[in-house]
Enquirer: 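Dumping the structure here so I can ask a few things about it.
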Amino acid sequence: MQPRRSVVRCPKGIRPGFDLCPHFFGKRLPVDQLSHGRGSIRSTAHSQTSRSRWKSRLGVVCRGAMFDPVSPQVSFPELDATQLAFWENTRIFEKTLEGGEEKQPFIFYEGPPTANGMPHPGHVLTRVMKDVFLRYRTMCGYYVPRRAGWDTHGLPVEVEVEKELGISGREAIQEYGVEAFSRRCIDSVFKYIGEWQKMTERIGFWVDFDSAYVTFHKSYVESVWWALSEMFNKGLLYQGYKVVWWWPQGGTALSAGEVGQGYRTIDDPSVMIRFPVVGEERTSFLAWTTTPWTLPSNVALAVGAKTDYATVELEDGERLVLAAALVGKVLGEEANVVATRKGSELVGVSYEPPFRYAEPQGGPAWQVVDADFVSLDSGSGLVHLAPAFGEDDFRVCKEKGMGFLQLMKPDGTFPDEVTDFAGRFCKDADRDIIRNLSARGVLFKEEVYRHDYPFCWRAMDDPLIQYARRSWFIRTTQEIDRVKENNQAVHWEPDHIKSGRMGQFLEGNVDWALSRERFWGTPLPIWKNDETGAVESVGSVAEILERNPEAFAHFEKAKAADPTLQDHLMVHKPWIDAVSWTKDGEPGVYRRVPEVIDCWFDSGCMPFAQWGFPHQNADAFERNFPADFITEAVDQTRGWFYSLMTISSLMFPQRALPHPFKNCVVLGLMTDEKGKKLSKRDKNYTDPLVLMDRVGADAVRWALYAGTVPGQSTRFFDDAATDAVREFLLKIWNVYSFFVTYANIDGWTAATARPALADRPDMDRWVLAELDATVRAVRRELDDYKSHMAVRHLLGFVDGLSNWYVRRSRARFWASDDSDDKRAAFSTLYEVLIDLAKLAAPFVPFMTETLFQNLVHKDDPAAPESVHLASFPEPDAARIDEELRKTVERVRNVVTLGQRVRNENKLKVRQPLAEAIVVVADDEERRGIDRFASAIREELNVRALGFTQEPHKYVEFELVPNFRVLGPKLGKQVPACKKALAEADGSALYAEMEANEKIVVQLPNGPIELTPSEVEVRLSAREDFAASSGSGQVVVLDTRVDDSLRREGLAREVINRIQRARKTMDLAYEARIEVKWNADGELAEAIEEHAARIAGETLATGFSRESAPGSAHDAEIDGSTLSLSISAV
RNA sequence: GGGGCACUAGCUCAGGUGGUUAGAGCGCACCCCUGAUAAGGGUGAGGUCGCUAGUUCGAGUCUAGCGUGCCCCA
């Protein structure tokens, strides 16, 4: 449904039809959109009524207004557009960074995203979470540089390019050409950079894209090289084996994510094999495996150290050793157990392996070891270990110092040494191996084992195998204590990350497998002498040129031929692979090893690599190290957070902890309404840009702040954003619109003299006290990185502002006289709105800017140009008034109780009542509440507010122990005390307490004295009154309606009917009318009695009792007919 | 299999250091207001705080075990 379009005349007399009216909503909104209202929220056309009423108000506004008129109907997306243009034109973001040298810095590191996919709501969340704390710190006077970054390396990028090219695998890439492939990768990583920037700008995340660091850039790569060469020189970089999920047919390892995509349920052979014990006649270990093809590479058997192992003698005298708990399952219940040993007793025992094609190298072999992963769920309780083909196997064998044997070629076939199966594919050979074992009597039992097993996601018939590859490692285990110490010093939000997810991850830390056998990544800066095997590492291009000035001649030549070749590519494959050097007096040529590195190492280097440190910008690095604040999603715990912390711990051991970040907010994953992961495939989310165009960026931001507790998954759905509009944005907007409308009508301006705080009425001082409390609370929460808590304080304040302050103060603003009270009201609401705009600016930067521009900046050249250049509100000691805050809380509670009484007794508010009686605890409370007597009388529509002198008449008393005080004092006697108080006559005890300031209670152990502070008095309304109690208060209503009250009630009904008629007639607020009426009996009496008031409240200049046949506005009131004829004057 | 997190109203979620009437918003019911007006407001119903033990005078909160869900790793 399209909102109707129409043109509203500009209030300042700009010619009709003018496209851009400078007087609405800042500078850029087309006039013809003014009356659409919130098509964004509810896409309906506005009625004639609201439009013409608004017009009529504009008519009043035109007389010398200070503030631009504000429609209560607002389109937040359109405001966004205005402010985005304003910020861009006036370069507000850049201005927040001016004068940075004199300010205290607040350092932020941007975790670099990869722009080869579209941004989704999860990215929106991290961006707005970054933004709120950065804007807050900026307004607090810090210098907050925000440099963007792009992560550009890694397997996902390569896979994306492979998809584009329709190729797959290492060989295909080599065939395509590594150089061309690298260039495609560069194009690919920026494929969606436009969308990322657009989303970032649209959501209002200020970040400097112009100076963004890019991980493939030459200076960045050189910094990474420097880090690696430092580690190499400290002996922290070494080559070893790593067991990976290997795709034999493709010749490549797969990442965990890829492996996860390819699981299938299949049947594998499950075999139990005899491993004869050396030195024990006719005795064998019975071990179990589901991968027979790994048996030729067996190195050890694993047992559980604490597990019991039984020796079982079979009928033919053969003995088998297996877990005692599994004897029945494997050999039957009547098996003959002749001995039992602990697993620990078996450790070190040698056995005969099933195959002896080759001897394991590098340590002993064919012995029993103990391992933590041996389970008794299946098998025999002894596990065959082949370190070349299993991660656990590898780890245990390494820990125990066992040897290593890998009888399998990378293509998945057996090498020639395995004479019986040479050339056979591993999985295909299983059957023949089993047959071979069976023939030799080594096989004990064969079964089928159904389980999930990974296959290659790109070729679902190709099984993956675990396979040990030569790989480069960082010896993080050597320095892990320093990393742990660093972790302890970080402020994590939520706190449990420290000892939980991150702490546990560090506990299980293994050396960082750094190298990748891929193409697009930072090349490992290690050169190996092809004759001597000597190894060198370099930390920059300059270091290479020192060794061989001609090292990059091939690159320069290629560049001359093709000017599009970026310098950045000289430090990438394939160019870097052609770089070599020789050394005087040393045979052989130094050539680079083929690997590139894990891209997590790249991003973990960003604290220094973003500056090209140490090769350049040493001062910039020092100024920006460490970061005060970072935030990303929880999946970065073992990603970026780990790489940052580990690299920094290794590189800068002398620096004060923590580094390179002090505060880290860890965000949960985003899910949809039902808790399901957001996924492009399921389309279970609205494109953030689409959503923002519908409800505005502030609504999306607010919904995210309100719904996000760090560490918890965030359920996000479109309704949350519309709720944000209603609950927060529109409430503020309504108050703002209200203020501007009446300030303009009244001619109130910021220059009007303001009454001193002490001279303002309670209501004003109250709202300012609430404001001050909110300022303190929001500051405290934001300082603590608890944005969701800050949100709650803001919501509470806005509710009080809208539903108590403005509602109760409306009449003060439209008073016609020129009073101090009115000036106080305008001053107060003005000051509150400005501080509220500043207070909420970090959260909802768009709307608050609109308020600020209109309320402050427009006519005050001395004011900051933007709310984001203003100072965050400071606590103001003068505004503190806890007593008043408490009083108003009680006053509001009195109103609530009174309303409840009316509801329960079906007494509508329109019917006046004689009196409301409040039961108060003491005179002080009474005086406090009495200060708001008129407000309470109006809210409850009672003629008088009384305070009872006889509480016992209305109220039952109950005394309850003050547990917090009496608990420590009485200990186990507390329940007895509670019981005694409950059983006693509460009212009598209360009277005793009033008289003596103490009471005596009989307990089983003797009497005790209780003072007033040791008990709580509970009041409850007696049932024979129209009364209600709650929060320690009681309110009684006099429900008797006498004739006078009834007539007043009827008069209000009449006013109500005439007002409704005015609305039906679509009259302007200030339009005068003439009323002719007729009625009978009591209704007529009531009208006659209250004629002046009725006429006054309905702006009737004529009000006469005449028969008016055929009137359009006849109504019925309590069964009587009211004849009404109304005409505009 | 290991680790982490969560479980509170129909729904989405808050509930520093244990203190006895467990809160909010939405939704629902009833109602009010009509000069913020296709807006706004009030009152109410609705909860054995996942389950079971334990510590304690006292547990939504602390401890242990179990269950369910999600995340990370294997």
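All chains are named by letter (A, B, ...) in the order of the sequence lines, taking the proteins before the strands, and each is independently numbered beginning at 1.
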Enquirer: Describe, in one word, how the ring planes of A/F738 and A/Y742 are oriented to each other, choosing from parallel (under 30°), tilted (30 to 60°) and perpendicular (over 60°).
Expert: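 Plane angle between 30° and 60°, so tilted.
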
Enquirer: Confirm from the modelled atom types if A/R810 and B/A36 form a donor-acceptor pair under 3.5 Å, side chain to base only.
Expert: yes

Enquirer: Relative to the ring of A/Y830, is the ring of A/F67 parallel (under 30°), tilted (30 to 60°) or perpendicular (over 60°)?
Expert: tilted

Enquirer: How long is the line joining NE2 of A/H788 and P of B/G23, in whole Å?
Expert: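 A/H788 atom NE2 is separated from B/G23 atom P by 19 Å.
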
Enquirer: Base, sugar-phosphate alone, or nothing: which one does A/N803 contact when heavy atoms must sit under 4.0 Å apart?
Expert: sugar-phosphate

Enquirer: To the nearest Å, how far apart are A/H491 NE2 and B/G16 P?
Expert: 16 Å

Enquirer: Just to confirm, is there a sub-4.0 Å distance from OP1 or OP2 of B/G19 to any side-chain nitrogen or oxygen of A/N962?
Expert: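 For B/G19, OP1/OP2 do not have a side-chain N/O of A/N962 under 4.0 Å.
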
Enquirer: Could you state the atom-to-atom distance from CZ of A/R807 to C1' of B/C32 in whole Å?
Expert: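 About 11 Å, once rounded to whole Å.
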
Enquirer: Reckon A/K978 touches a base, only the sugar-phosphate, or nothing at all at heavy-atom distances under 4.0 Å?
Expert: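 Base contact.
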
Enquirer: Could you tell me whether the side chain of A/W804 and the main chain of A/D799 form a donor-acceptor pair under 3.5 Å?
Expert: no

Enquirer: Taking only N and O in the side chain of A/T896, is any of them less than 4.0 Å away from OP1 or OP2 of B/U43?
Expert: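 Answer yes for this pair, as a side-chain N or O of A/T896 is under 4.0 Å from OP1 or OP2.
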
Enquirer: Using atom P in both nucleotides, what's the gap between B/U55 and B/G46 to the nearest angstrom?
Expert: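 Pairwise P distance, B/U55 against B/G46, rounds to 34 Å.
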
Enquirer: Rounding to the closest angstrom, what is the interatomic distance between B/G47 and B/G60 at atom C1'?
Expert: 11 Å

Enquirer: Using the ring of each side chain (for Trp, its six-membered ring), is A/Y467 parallel, tilted or perpendicular to A/F389, with breaks at 30° and 60°?
Expert: tilted

Enquirer: Find the distance A/W733:CH2 to B/A39:C1' and express it as a whole number of Å.
Expert: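 Value for this atom pair: 15 Å.
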
Enquirer: How far, in whole Å, is B/C31 from B/U8 if one measures between their C1' atoms?
Expert: 30 Å

Enquirer: Can you tell me how far P in B/G67 sits from the matching atom in B/A59, rounded to whole Å?
Expert: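 That atom pair is separated by 26 Å.
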
Enquirer: Take atom C1' in B/G16 and the same atom in B/G3, then report the distance between them in whole Å.
Expert: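 B/G16 and B/G3 have their C1' atoms separated by 27 Å.
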
Enquirer: Using atom CE of A/M502 as one end and atom P of B/C5 as the other, report the distance to the nearest whole Å.
Expert: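 Nearest whole value for this atom pair: 14 Å.
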
Enquirer: Using a heavy-atom cut-off of 4.0 Å across all strands, would you classify A/S802 as base, sugar-phosphate, or nothing?
Expert: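 Answer is base: heavy atoms of A/S802 come under 4.0 Å of a base.
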
Enquirer: Which sits closer to the 5' end of RNA chain B, A/V634 or A/R892, going by the nucleotide each is nearest to?
Expert: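 Nearer the 5' end of the strand: A/R892.
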
Enquirer: Could you let me know what B/G47 is paired to, Watson-Crick or G-U wobble, both distances under 3.5 Å, or none if it's on its own?
Expert: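 The base-pairing partner of B/G47, which may sit in any strand shown, does not exist here.
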
Enquirer: For A/R902, answer base if it contacts any base atom (sugar-phosphate contacts may also be present), sugar-phosphate if it contacts only those atoms, and nothing otherwise; contact means non-hydrogen atoms under 4.0 Å.
Expert: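 Here A/R902 touches no strand at all.
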
Enquirer: Determine the interatomic distance between C1' on B/G42 and the same-named atom on B/G65; round to the nearest Å.
Expert: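 Taking atom C1' in both B/G42 and B/G65, they lie 47 Å apart.
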
Enquirer: Between B/U12 and B/C28, how far is it from one C1' atom to the other, in whole Å?
Expert: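 So the two C1' atoms sit 16 Å from each other.
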
Enquirer: Between the base of B/C73 and the ring of A/F505 - centre-to-centre under 5.5 Å, planes within under 30° - is that a stack?
Expert: no

Enquirer: In whole Å, what is the span from the CZ atom of A/R501 to the P atom of B/G3?
Expert: 14 Å

Enquirer: With a 4.0 Å cutoff (strictly under), does any side-chain N or O of A/K731 reach OP1 or OP2 of B/G41?
Expert: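 The answer is yes; a side-chain N or O of A/K731 sits under 4.0 Å from OP1 or OP2.
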
Enquirer: Any ion pair linking A/D392 and A/R395 (charged N to carboxylate O, less than 4.0 Å)?
Expert: yes

Enquirer: State whether A/R807 and A/E939 are salt-bridged, where the test is any N-O pair (Lys NZ or Arg NE/NH1/NH2 against Asp/Glu carboxylate O) under 4.0 Å.
Expert: yes

Enquirer: Which one is paired to B/A14, where only Watson-Crick or G-U wobble pairs with both distances under 3.5 angstrom count?
Expert: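 With both distances under 3.5 Å required, B/A14 matches none.
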
Enquirer: Ignoring hydrogens and angles, tell me if any N or O in the side chain of A/S802 forms a donor-acceptor pair with the backbone of A/V798 under 3.5 Å.
Expert: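 Not at all, since once roles are kept as given, no pair shorter than 3.5 Å links the two residues.
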
Enquirer: Taking only side-chain N and O atoms of A/Q1059, does any of them lie within less than 4.0 angstrom of OP1 or OP2 on B/G35?
Expert: yes

Enquirer: Between A/F963 and A/E727, which is nearer to the 5' end of RNA chain B once each is assigned its nearest nucleotide?
Expert: A/F963

Enquirer: Roughly, in whole Å, what's the span from NE2 in A/H793 to P in B/A14?
Expert: 15 Å

Enquirer: Given atom CZ of A/R900 and atom C1' of B/C30, what is their separation to the nearest angstrom?
Expert: 15 Å

Enquirer: For atom C1', what is the distance between B/G15 and B/G2, given to the nearest Å?
Expert: 32 Å

